[in-house]
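One-based numbering, in listed order, for ligands and for the atoms of each. Along the sequence shown, residues carry numbers from 1.
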Amino acid sequence: MKIAVIGSGYVGLVAAACLCELGHEVTCVDNDREKLQLLEQGAVPIHEEFLPELIAHHHRKQLRFSGNLAEAVRTSAAVFIAVGTPGKENGEADLSYVESVTREISRAINGYKVIITKSTVPVYTNQWIGQVLLLNGAQPGSFDVVSNPEFLREGKAVTDFLYPDRIVIGTNRDRPIRVMDEIYAPLTSGSYYKHPDAIPAPDHFNGTARVIFTSAASAEIIKHAANAFLAMKISFINAVANVCEAVEADIEDVCRGIGSDTRIGARFLNAGIGYGGSCFPKDVAAFRWISHNYGYEFSLLNEVERINHECRTRFIQKVRSALWTLKGKQLGVLGVAYKCGTDDIRESPALAIIQELLQEGAQVKLYDPAAMERARKVLGARVTYAQDAYEAATGADGLLVLTDWEEFRQLDLKILRTKLHYPIVVDGRNIFSPDEMAEEGLIYYSVGRLPVNARRMVASSMGRAS
Ligand code: NAD
């Protein structure tokens, strides 16, 4: 099928490349000239596993990039909207990009099209998209609007798109359902998975993609509710971690204990410095806003947000309790991406913590395996940049772990110990084992677990053996 994808960001670009994998012919549109130029030259502007390979494989064959939205719509049977829906100050989703592309689409419609909303939008947006198309001259019957929310995770975006837990299709009409069926047929029939060159399946995948057909309003709520629930799971476990710290229990044992209950599940039970990224914070706020707008006060979501922000404050308090004063302290920082596997630093708790530490007068030497370029654009010369984790640790009064990159888990603790000025590690992602840190003589603070060797330091500073 000929398909247009409007918006070539984290979702649009991944969707476009993956739709090519499914055999479709895709025009990926953006209005950011610089981004288009990069894509045209074969560069991939985001860090995402398998994406460079897919783009290299399909570019100039099934995949092309374009700044001409009207032409892309005219030559396509289906049009995916994948532009941003950022949050406003009051929590409401800013739908102006969606409205703007909808107006452009309406002027280009030249025959029956299915307009598919991939962007995360509040309930009734798809209805509005239909209205705007009609108001701007599209003929009734010349289009259908379908809600098809995207659940991919950055860092695993390609795999998530091709091996989804579910595909949600929100429409009450048969004609667009037939089009959607055709688009996703290689996944729902399982034929894509038999392909020898298919992207490798994740461990938990069971053979075919499941489809959930529903109304557009339910599909819109599914996306908001899914993200709000996941954010709640993270805030819940972070709150439990706070209790663990108060009573000397171990959050990792607690997570194992509750996560093994199949009703709860082990995933998304990682205590740390809280959630971030371009989705959870804005989607929690937008879901609360739209609920309020329709008469329901979703106050649980206030608490989810409050706990999330508290994680950062508590982490900085931990850094203070490890290092006493922060002004003039040299800190090695591992990670600025909001999570591993991505270079995305939007709403990154790691970035917020770095900014707070800088404000307190600390000096930061930063290393991230993927997000250095993006960090440079935001932090500029206020921090220094290291080539690797060991360089970030060299001469540091303390090493802070802010992103859960696998690379950091593999660090040689003996080498790390020799690089540090003070043998202090404050781990906001619980990537190290307290026993191993103890063995290496490191003073180690993490989340929801007892500090290691901290008492020994206090005792020896007071001239007592511990
Ligand atoms: P993004 O900011 O990375 O990409 C959006 C792209 O749209 C940009 O490249 C921008 O230049 C382009 N754009 C804006 N206006 C345009 C216009 N008029 N014409 C053509 N292009 C235009 O955003 P994203 O992270 O890809 O998110 C897109 C949507 O998908 C959001 O609603 C988001 O909530 C949702 N979503 C994101 C993720 C994620 O992990 N990033 C996951 C699921 C859903």
> Can you tell me which residue and heavy atom of the protein come closest to atom 21 (N) of ligand 1, and the distance to 0.1 Å?
Replying inline: Asn31 N, 3.3 Å
> Glu407 and Tyr367: side-chain donor and acceptor closer than 3.5 Å?
Replying inline: yes
>> Which residue and atom name correspond to the protein heavy atom nearest atom 34 (O) of ligand 1, and how close is it?
In response: Lys282 NZ, 2.6 Å
> Which residue holds the protein heavy atom closest to atom 36 (N) of ligand 1, what is that atom called, and what is the gap in Å?
Replying inline: Val11 CG2, 3.4 Å
>> Once rounded to the nearest 0.5 Å, what's the spacing between atom NZ of Lys233 and atom CD1 of Ile264?
In response: 8.0 Å
> Is it the side chain, the backbone, both or neither of Leu152 that has a heavy atom closer than 4.0 Å to ligand 1?
Replying inline: both
> Just heavy atoms, cut-off under 4.0 Å: does Thr85 contact ligand 1 by side chain, backbone, both, or neither?
Replying inline: both
> Under 3.5 Å between some N or O of ligand 1 and some N or O of Asp32?
Replying inline: no
>> With the threshold set at under 4.0 angstrom, would you say Lys223 reaches ligand 1 through any of its heavy atoms?
In response: yes
> What protein heavy atom sits nearest atom 7 (O) of ligand 1, and how far away is it?
Replying inline: Gly7 CA, 3.4 Å
>> For atom 38 (C) of ligand 1, tell me which residue out of Gly87, Cys279, Ala286 has the closest non-hydrogen atom.
In response: Cys279
> Heavy atom under 4.0 Å from ligand 1: found in Arg153's side chain, backbone, both, or neither?
Replying inline: neither
>> Is the contact between Ser278 and ligand 1 made by the side chain, the backbone, both, or neither, using heavy atoms and a 4.0 Å cut-off?
In response: side chain
> Which atoms from ligand 1 have a heavy atom of Val101 less than 4.0 Å away?
Replying inline: 17 (C), 18 (N), 19 (N)
> Does Leu400 reach the side chain of Leu357, with side-chain heavy atoms less than 4.5 Å apart?
Replying inline: yes
> Considering only the protein, which heavy-atom contact is closest to atom 5 (C) of ligand 1, and what is its distance?
Replying inline: Gly84 N, 3.7 Å
> What residue among Arg64, Lys35, Arg33, Arg60 forms salt bridge (Lys or Arg N to Asp or Glu O under 4.0 Å) with Glu40?
Replying inline: Arg60
> Among protein heavy atoms, which sits nearest to atom 41 (N) of ligand 1, and what does the distance come to when rounded to 0.1 Å?
Replying inline: Glu154 OE2, 2.8 Å
> Considering the options Asp144, Ile3, Val114, which one meets the side-chain contact (heavy atoms from CB on, under 4.5 Å) requirement together with Val179?
Replying inline: Val114
> About how many Å separate CG of Leu22 and OG1 of Thr188, when rounded to the nearest 0.5 Å?
Replying inline: 9.5 Å
> Numbering the atoms of ligand 1 from 1, which are under 4.0 Å from a heavy atom of Ser119?
Replying inline: 29 (C), 30 (O), 32 (O)
> Which residue owns the protein heavy atom closest to atom 44 (C) of ligand 1, what's the atom, and how far is it?
Replying inline: Thr120 OG1, 3.4 Å
>> Is there a salt bridge (charged side-chain N to carboxylate O under 4.0 Å, His left out) between Asp160 and Arg153? Walk through the geometry before answering.
In response: CA-CA 7 Å; Asp160 283 350; Arg153 295 162 297 170; 2.7 Å; yes
>> Does Arg409 form a salt bridge (charged side-chain N to carboxylate O under 4.0 Å, His left out) with Glu406? I'd like the steps, not just the answer.
In response: CA-CA 5 Å; Arg409 293 179 203 274; Glu406 187 55 34; 3.5 Å; yes
> Could you go step by step and tell me if Arg178 and Glu182 meet the salt bridge (charged side-chain N to carboxylate O under 4.0 Å, His left out) rule?
Replying inline: CA-CA 6 Å; Arg178 287 197 292 277; Glu182 192 182 330; over 6 Å; no
> Considering the options Asn126, Thr85, Asn148, Thr102, which one meets the side chain to side chain donor-acceptor pair (under 3.5 Å) requirement together with Thr117?
Replying inline: Asn126
>> Checking the N or O distance criterion of under 3.5 Å, is ligand 1 in contact with Lys35?
In response: yes
> atom 11 (O) of ligand 1: which protein heavy atom is closest, and how many Å away?
Replying inline: Asp30 OD1, 2.6 Å
> Is the shortest heavy-atom distance from the side chain of Asp344 to the side chain of Ile46 under 4.5 Å?
Replying inline: no
> What part of Arg346 sits under 4.0 Å from ligand 1 if we count only heavy atoms: the side chain, the backbone, both or neither?
Replying inline: side chain
> Which atoms of ligand 1 are found less than 4.0 Å from any heavy atom of Ala82?
Replying inline: 5 (C), 28 (C)
> Any N/O of Tyr97 closer than 3.5 Å to an N/O of ligand 1?
Replying inline: no
>> Exactly one of Val336, Leu351, Ile354, Leu334 should register a side-chain contact (heavy atoms from CB on, under 4.5 Å) with Leu402. Which one does?
In response: Ile354
> Do the non-hydrogen side-chain atoms of Tyr192 and Ile199 ever get within less than 4.5 Å of each other?
Replying inline: yes
